[in-house]
2 protein chains.
Amino acid sequence: MVQPATNVALSHSAHDHDACIADALSRADALCRQQGLRLTAIRRRVLELIWANHQPTKAYDLLAQINAERGNAAPPTVYRALDFLLEAGLIHKIESQNAFIGCAVDHERNQPKFFICRTCGRAAEIQSSQIDDVIASEAEEAGFVVDHQTIEVDGLCAACAASTKS
Amino acid sequence: MVQPATNVALSHSAHDHDACIADALSRADALCRQQGLRLTAIRRRVLELIWANHQPTKAYDLLAQINAERGNAAPPTVYRALDFLLEAGLIHKIESQNAFIGCAVDHERNQPKFFICRTCGRAAEIQSSQIDDVIASEAEEAGFVVDHQTIEVDGLCAACAASTKS
DNA sequence: CGCGATGGCGTTATCATATAACATTAAGGA
DNA sequence: TCCTTAATGTTATATGATAACGCCATCGCG
């Protein structure tokens with residue numbers, strides 16, 4: 001399930017992809033410096049690959065990409081990096097796909113949530129706190145203490161819906 | 001990861017567990033009859049085991065339970081039954097656990113959503129349409145066409161929160 | 001500066017989750 | 001009855017994740 005290399009080129013809204021990756025990395029550098037975390041070479045490279053793929057990316061695809069450049073990584077290498085990045089809040093796991101994606105959002109008052117397009121495969125992280133509010137009030141009512149949320153909405157993104165419609 | 005046999009006994013709110021299973025099965029029978037679906041012996045047994053376990057249940061645990069009684073099932077046997085039951089809407093998959101749980105709810109106007117207790121392991125399916133409404137309006141705004149939702153809220157259920165508090 | 005503790009990584013093995021592919025059997029309609 | 005189709009059996013394998021152990025780099029401390 002390696003993503004075709006052309007996916008980046010298929011980007012719906014043209015954006016400066018290199019800059020977007022660089023930006024994510026510099027945010028990661030800053031966050032780790034600030035928190036006393038060590039963004040080692042492998043961790044940084046895994047994060048970079050995730051951003052470069054621009055889609056939810058599977059652990060074994062990352063492993064293959066790492067091995068293409070260094071040739072000697074085993075699954076724990078990648079999973080440990082992923083665990084670190086998850087812990088640091090730099091990436092999220094898309095549970096419905098067993099895949100990982102860079103975090104694009106500030107989560108001080110929001111839990112991660114995604115709109116995932118079944119056609120182009122992109123996962124857009126959305127920031128609405130409305131959803132969190134409603135869940136919080138439902139939970140309150142049930143006496144349930146919320147710890148973590150998994151919210152993944154599958155469907156068709158605007159661009160893909162438009163090009164399907166014709 | 002086989003669940004201990006005592007879990008059923010640990011049920012928070014005492015309820016007639018046998019009746020609850022029987023009820024689920026008769027609803028399944030009715031639905032399949034009505035829709036022209038075949039609830040075969042294996043499919044029915046898998047559904048029954050899922051209800052009997054009373055918690056999100058893993059495919060390989062079901063396989064072990066099946067094999068304990070018939071001794072000759074391989075993974076596809078269970079996965080095919082699960083696929084059928086998912087398709088029919090008789091069970092849901094808890095993505096964050098790779099586990100399956102009986103559907104307790106009418107989904108005409110709701111997508112499945114769960115409160116999952118990290119202490120007792122129970123997953124309560126909740127029926128609020130508020131959450132769906134908010135997601136629908138967020139999606140609308142983004143031009144995203146919703147197909148399916150995965151909503152899993154982890155935390156502490158009321159009973160476990162109470163007994164932890166002390 | 002050197003030393004020791006800790007955390008990160010390499011390596012091997014294995015467990016856990018899920019599906020492909022093809023053979024066989026059972027159910028239901030013509 | 002026979003034929004078609006759907007369901008199941010069976011074998012093999014793909015895919016996702018972790019356990020366990022040893023080595024080595026980094027960093028705080030004397």
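Just so it is clear: chains get the letters A, B, ... in the order the sequence lines come, proteins before strands, and each one is counted from 1. Everything numeric in this text was worked out from a predicted model, so none of it was measured.
Of the residues in residues 74-91 of chain A, those placing a heavy atom less than 4.0 Å from an atom of DNA chain C are A/Ala74, A/Pro76, A/Thr77, A/Arg80, in numerical order. Using a 4.0 Å cutoff on non-hydrogen atoms, no part of residues 29-36 of chain A comes near DNA chain C.
Using a 4.0 Å cut-off, some side-chain N or O of A/Lys58 falls inside it from OP1 or OP2 of D/dG16. Put simply, A/Lys93 has no side-chain N or O that comes within less than 4.0 Å of OP1 or OP2 on D/dG16. In terms of phosphate contacts, A/Asn98 brings a side-chain nitrogen or oxygen within less than 4.0 Å of OP1 or OP2 of D/dA17. OP1 or OP2 of C/dG10 sits under 4.0 Å from a side-chain N or O of A/Arg70.
Residues passing the side chain to side chain contact (heavy atoms under 4.5 Å, CB included) test with A/Asn67 are A/Leu63, A/Ala73, sequence neighbours excluded. Among residues two or more places apart in sequence or in another chain, the side chain to side chain contact (heavy atoms under 4.5 Å, CB included) test is passed with A/Asp106 by A/Glu108, A/Gln127. Judged as a salt bridge (Lys or Arg N to Asp or Glu O under 4.0 Å), and not counting sequence neighbours, A/Glu95 has no contacts. A/Phe115 meets the ring-ring contact (aromatic ring centres under 6.0 Å, His included) test with B/Phe144; sequence neighbours excluded. With sequence neighbours excluded, no residue forms a salt bridge (Lys or Arg N to Asp or Glu O under 4.0 Å) with B/Arg70. Partners of A/Gln130 by side chain to side chain contact (heavy atoms under 4.5 Å, CB included), not counting sequence neighbours, listed by chain and number: A/Ser128, B/Val134, B/Glu138. Residues that satisfy the side chain to side chain contact (heavy atoms under 4.5 Å, CB included) test with B/Asp29, not counting sequence neighbours, are B/Arg33, B/Leu39, B/Arg44.
Rounded to whole Å, atom P of D/dA17 lies 11 Å from atom CG of A/Asp61. Residue A/Ile94 contributes atom CD1, which lies 13 Å from atom P of D/dA17 at whole-angstrom precision. The nearest whole Å value for the distance from the CZ atom in A/Arg43 to the C1' atom in D/dT26 is 12 Å. A/Leu63 places its CG atom 13 Å from the P atom of C/dT11, with the value rounded to the nearest Å. Spacing between atom CG of B/Leu37 and atom P of D/dT5 amounts to 19 Å, rounded to whole angstrom units. Between the CZ atom of B/Arg44 and the P atom of D/dT8 there is a distance of 14 Å, given to the nearest Å.
In terms of heavy atoms, B/Pro56 sits closest to B/Gly121 at CD-O, 3.3 Å.
Under the 4.5 Å side-chain contact rule for hydrophobic residues, B/Ile101 and B/Val105 do not share a cluster. Cluster membership check: A/Ile50 shares its hydrophobic cluster with A/Tyr60, using side-chain heavy-atom separations under 4.5 Å among Ile, Leu, Val, Met, Phe, Trp and Tyr.
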Donor-acceptor pairs are to be reported for all side-chain atoms of residues 84-92 of chain B against protein atoms at under 3.5 Å, with residues two or more places apart or in another chain.
from	atom 1	to	atom 2	distance (Å)
B/His92	NE2	B/His107	NE2	2.9
B/His92	NE2	B/Glu125	OE2	3.1

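Where A/Tyr60 and A/Ala73 meet DNA chain C, the nucleotide closest to each residue was compared, and A/Ala73 sits on the side nearer the 5' end. Along DNA chain D, the nucleotide nearest A/Phe100 and the nucleotide nearest B/Thr40 are compared for position; the residue whose nucleotide lies closer to the 5' end is B/Thr40.
Sorted by first and then second residue, the side-chain hydrogen bond (donor to acceptor under 3.5 Å, both in side chains) pairs involving residues 111-121 of chain A (not counting sequence neighbours) are A/Lys113-A/Asp132.
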Going 5' to 3' along nucleotides 23-30 of chain C, which nucleotides have protein heavy atoms under 4.0 Å from the base (write B), which only from the sugar-phosphate (write S), and which from neither (write -)? ----S---
